[in-house]
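Order of the sequence lines sets the chain letters (A, B, ...), proteins ahead of strands, with each chain counted from 1. The figures that follow rest on heavy atoms only: side chains count, while hydrogens, waters and symmetry mates do not.
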There are 2 protein chains.
Amino acid sequence: MQPLDWNQLRAFLETADTGSLSAAARKLGLTQPTLSRQVAAIEQSMGVTLFERVGKAMVLTSTGLDLLEHARAMGSAADALSLVATGRSQAVGGVVSVSATDILASRILPPLVRRLREKAPGIAVEVITTDSLSDLQRREADIAIRHVKPAQPDLIARLVRDVDAYFYASEAWVKAHGHPRTATDAASVPFIGSDRNGLYLGMLQHHGLRVTETNFCCYANHSVVQWSLVRDGVGIAPMMEEVALATPGVVRVFDDLPPVRFPIWLVSHRELRTSRSIRVVFEALAEGLASISDVSPD
Amino acid sequence: MQPLDWNQLRAFLETADTGSLSAAARKLGLTQPTLSRQVAAIEQSMGVTLFERVGKAMVLTSTGLDLLEHARAMGSAADALSLVATGRSQAVGGVVSVSATDILASRILPPLVRRLREKAPGIAVEVITTDSLSDLQRREADIAIRHVKPAQPDLIARLVRDVDAYFYASEAWVKAHGHPRTATDAASVPFIGSDRNGLYLGMLQHHGLRVTETNFCCYANHSVVQWSLVRDGVGIAPMMEEVALATPGVVRVFDDLPPVRFPIWLVSHRELRTSRSIRVVFEALAEGLASISDVSPD
DNA sequence: GAGAACTCATGCATTTACGTATAGATAAGA
DNA sequence: TCTTATCTATACGTAAATGCATGAGTTCTC
């Protein structure tokens with residue numbers, strides 16, 4: 001009874017989760033041939049067929065599905081271990097990863113990181129830009145900046161502040177089409193969309209704007225791209241006041257409307273509370289976000 | 001965020017469980033330097049101290065203890081995965097491991113294995129001799145032959161039969177010291193002990209024999225050794241009737257006493273029920289043990 | 001239907017990790 | 001106290017795992 005190779009199981013888990021050897025390889029920092037061989041090694045040594053190689057995709061067999069359940073349990077335990085480990089890490093320096101939405105990551109965070117580096121040169125900050133909420137349980141990031149209050153009890157969250165976003169258009173656009181001020185003006189104005197499932201549209205309507213699907217002249221799922229489209233006079237979109245003020249060539253429209261107000265939560269895992277490096281970054285971000293004095297130029 | 005090496009975690013788990021790198025290396029089929037490096041690699045990459053190297057022993061730190069908890073969860077999941085995997089194995093051949101007490105392993109099993117090999121040459125049988133109950137959950141064996149009814153619900157057990165054991169002495173001893181027949185005769189007769197905590201003594205007394213600690217002329221925790229001592233005329237011990245009949249030079253004593261009767265259970269894990277190889281061995285053992293027709297010569 | 005952009009599997013060179021051997025250190029026993 | 005039997009940590013040659021390059025196959029698009 002030879003003990004089985006746990007790294008091969010890790011390869012199996014990632015392959016099953018991502019759906020392909022290539023994607024798993026990217027996640028694990030290995031190459032696709034390596035993963036291919038590791039998965040094949042399990043199948044051979046155990047005498048089971050994990051995947052059905054049907055063309056491009058690797059689809060799990062029923063046995064693979066049963067084994068995946070346990071591999072997933074191993075993965076969760078490994079994640080928890082990693083979490084506790086970094087929490088207990090006595091190392092003062094190291095890398096602390098922060099996940100944020102793109103606009104925060106590109107405009108707000110850089111000055112904060114620069115100031116942090118001056119105070120604590122030993123700590124390297126990894127900025128992770130994600131569209132979806134990064135999973136702190138899986139240690140995809142040490143600290144997350146979110147705009148919704150996290151529900152999980154394992155997480156510690158601090159409400160840093162509320163930020164206001166107003167609607168903006170480019171100066172050129174206003175000069176050509178006029179200055180929309182009221183909510184009813186919105187009906188004949190091109191907006192930059194964010195998603196195509198109506199979520200963003202609903203948010204605008206909920207805010208009082210008279211807009212429909214036809215108002216969207218284009219879509220961009222990243223705020224930086226949205227903002228670039230606004231600056232180039234393509235359409236109108238809301239933006240954090242601090243960022244807008246630092247952007248030349250844009251003017252605020254819908255002046256009568258109240259700002260779109262949303263919170264900034266700083267979230268970390270409870271286990272990481274004991275790590276000194278992470279605490280330092282957490283506090284620095286909390287302080288820096290509370291009073292945004294500096295915004296990166298575009 | 002680099003993904004951590006699961007094999008290193010496995011090394012940590014075994015080291016913590018066994019208490020030494022050397023013991024862990026033996027269990028994992030690796031060498032002590034390898035384990036030493038793997039554990040050190042965790043400590044370095046995570047920046048934690050898992051063990052306190054105090055002289056010979058490696059004692060867990062408090063951090064190590066916390067991490068061990070999760071590593072153990074990984075180990076349990078890995079064991080469960082391995083269990084399901086071998087159960088689903090389509091391979092007809094392979095190795096099936098059977099654990100048994102030493103006397104069964106050395107005298108009863110060999111003929112059964114020989115007959116099984118004739119019927120199913122593709123299956124290799126691994127006989128594991130353990131003093132303690134082998135842990136089927138941990139896959140220390142595929143099939144276990146036990147003398148107590150297993151309690152765990154995950155295990156499937158079949159009562160194969162009851163075997164009778166009588167007390168025996170060597171012919172030479174009887175010729176020199178006479179033939180003890182009744183339970184009261186036992187008081188002045190040398191017995192071979194099995195353990196030194198009184199468990200075995202209690203069993204003898206419970207059976208009606210008038211013996212005390214002073215009756216034990218020597219101890220042997222293995223039945224084969226006990227039996228050798230009996231044959232050499234050192235003392236008296238009980239033995240399975242089938243084995244005793246196949247051993248020349250021994251005579252039954254305490255003829256008036258009823259036999260020591262104990263059951264033979266054939267136990268396997270529920271998950272392994274689907275493995276054809278294991279089922280074949282299970283049935284062969286059940287049939288062979290039901291009517292023991294052949295006993296290996298000493 | 002041809003091409004682009006993916007995917008997975010295989011051959012080959014290299015790096016990594018392993019085992020063997022050894023030294024230092026500790027605990028038990030004569 | 002000296003011996004013996006452990007255990008862990010390091011040095012070095014080797015074998016195994018990895019990465020790179022390539023080929024074959026599939027899906028999607030134009």
Side-chain angles (χ1 to χ4, degrees), chain A residues 1-61 63-65 67-68 71 78 196 219, chain B residues 1-61 63-65 67-68 71 78 196 219:
Chain A
M1 191 62 221
Q2 87 237 311
L4 37 94
D5 190 306
W6 283 16
N7 278 339
Q8 292 175 358
L9 298 180
R10 183 188 56 166
F12 163 58
L13 172 62
E14 274 305 325
T15 305
D17 272 346
T18 60
S20 86
L21 293 171
S22 309
R26 284 190 289 269
K27 267 208 173 182
L28 293 175
L30 299 172
T31 57
Q32 173 267 321
T34 299
L35 273 285
S36 175
R37 282 184 285 251
Q38 287 188 348
V39 171
I42 301 180
E43 297 189 308
Q44 189 181 352
S45 69
M46 289 186 167
V48 294
T49 308
L50 297 175
F51 295 100
E52 206 72 53
R53 273 79 165 177
V54 48
K56 195 165 148 178
M58 312 253 300
V59 289
L60 274 171
T61 62
T63 28
L65 202 68
L67 296 190
L68 176 61
R196 300 195 57 183
Y219 295 87
Chain B
M1 192 61 221
Q2 86 236 311
L4 38 93
D5 190 308
W6 283 16
N7 279 339
Q8 292 175 358
L9 298 180
R10 184 188 56 167
F12 163 58
L13 173 62
E14 274 306 325
T15 305
D17 273 346
T18 60
S20 87
L21 294 171
S22 309
R26 284 189 289 270
K27 266 208 173 182
L28 292 176
L30 299 172
T31 57
Q32 172 268 321
T34 299
L35 275 285
S36 176
R37 281 185 290 250
Q38 289 188 346
V39 171
I42 301 181
E43 297 188 310
Q44 189 181 353
S45 70
M46 291 188 166
V48 294
T49 307
L50 297 174
F51 295 100
E52 207 71 54
R53 273 78 165 178
V54 47
K56 197 163 150 178
M58 314 252 300
V59 289
L60 273 172
T61 62
T63 336
L65 201 68
L67 297 190
L68 176 61
R196 299 196 58 183
Y219 296 88

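- In this structure, the side chains of B:Leu35 and B:Gln8 stay at 4.5 Å or more apart for every pair of heavy atoms.
- With distances taken from any side-chain atom of B:Arg26 to the nucleotides C:dC8, D:dC7, C:dT7, the minimum falls on D:dC7.
- Across the protein-nucleic acid pair, A:Gln44 atom CD and C:dT10 atom P stand 11 Å apart, rounded to whole Å.
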Checklist outcome for this item: Per-nt protein contacts along nucleotides 10-19 of chain D (heavy atom under 4.0 Å; B base, S backbone sugar-phosphate only, - none) come out as BB------BB
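- Rounding to whole angstrom units, CG of residue B:Leu21 and C1' of D:dT6 are separated by 13 Å.
- Where the helix from C:dG1-D:dC30 to C:dA30-D:dT1 starts and where it ends, the local axes point in directions that differ by 30°; five pairs per end, rounded to 10°.
- Residues A:Gln38 and A:Leu9 have side chains not in contact (no heavy-atom distance under 4.5 Å, counting atoms from C-beta outward).
- A:Asp5 places its CG atom 12 Å from the C1' atom of C:dA17, with the value rounded to the nearest Å.
- Put simply, the side chain of B:Pro3 does not reach to within 4.5 Å of the side chain of A:Lys27, judged on heavy atoms.
- A donor and an acceptor atom, one from each side chain of A:Thr18 and A:Ser20, are nowhere located under 3.5 Å apart.
- Among the atoms of the strands shown, only primed sugar atoms or phosphate atoms (P, OP1, OP2) are found under 4.0 Å from some heavy atom of A:Ser22.
- Separation of atoms OG1 (B:Thr15) and CE (B:Met58) is listed at 6.0 Å; rounding is to 0.5 Å.
- Atom CE of A:Met58 is separated from atom C1' of D:dT27 by 17 Å (rounded to the nearest Å).
- When side chains are defined from C-beta on, A:Thr63 does not count as touching A:Met46, because their heavy atoms never get closer than 4.5 Å.
- When side chains are defined from C-beta on, B:Thr61 does not count as touching B:Phe51, because their heavy atoms never get closer than 4.5 Å.
- Applying the side-chain contact (heavy atoms from CB on, under 4.5 Å) test between A:Phe12 and each of A:Leu50, A:Asp17, A:Asn7 identifies A:Leu50 as the sole match.
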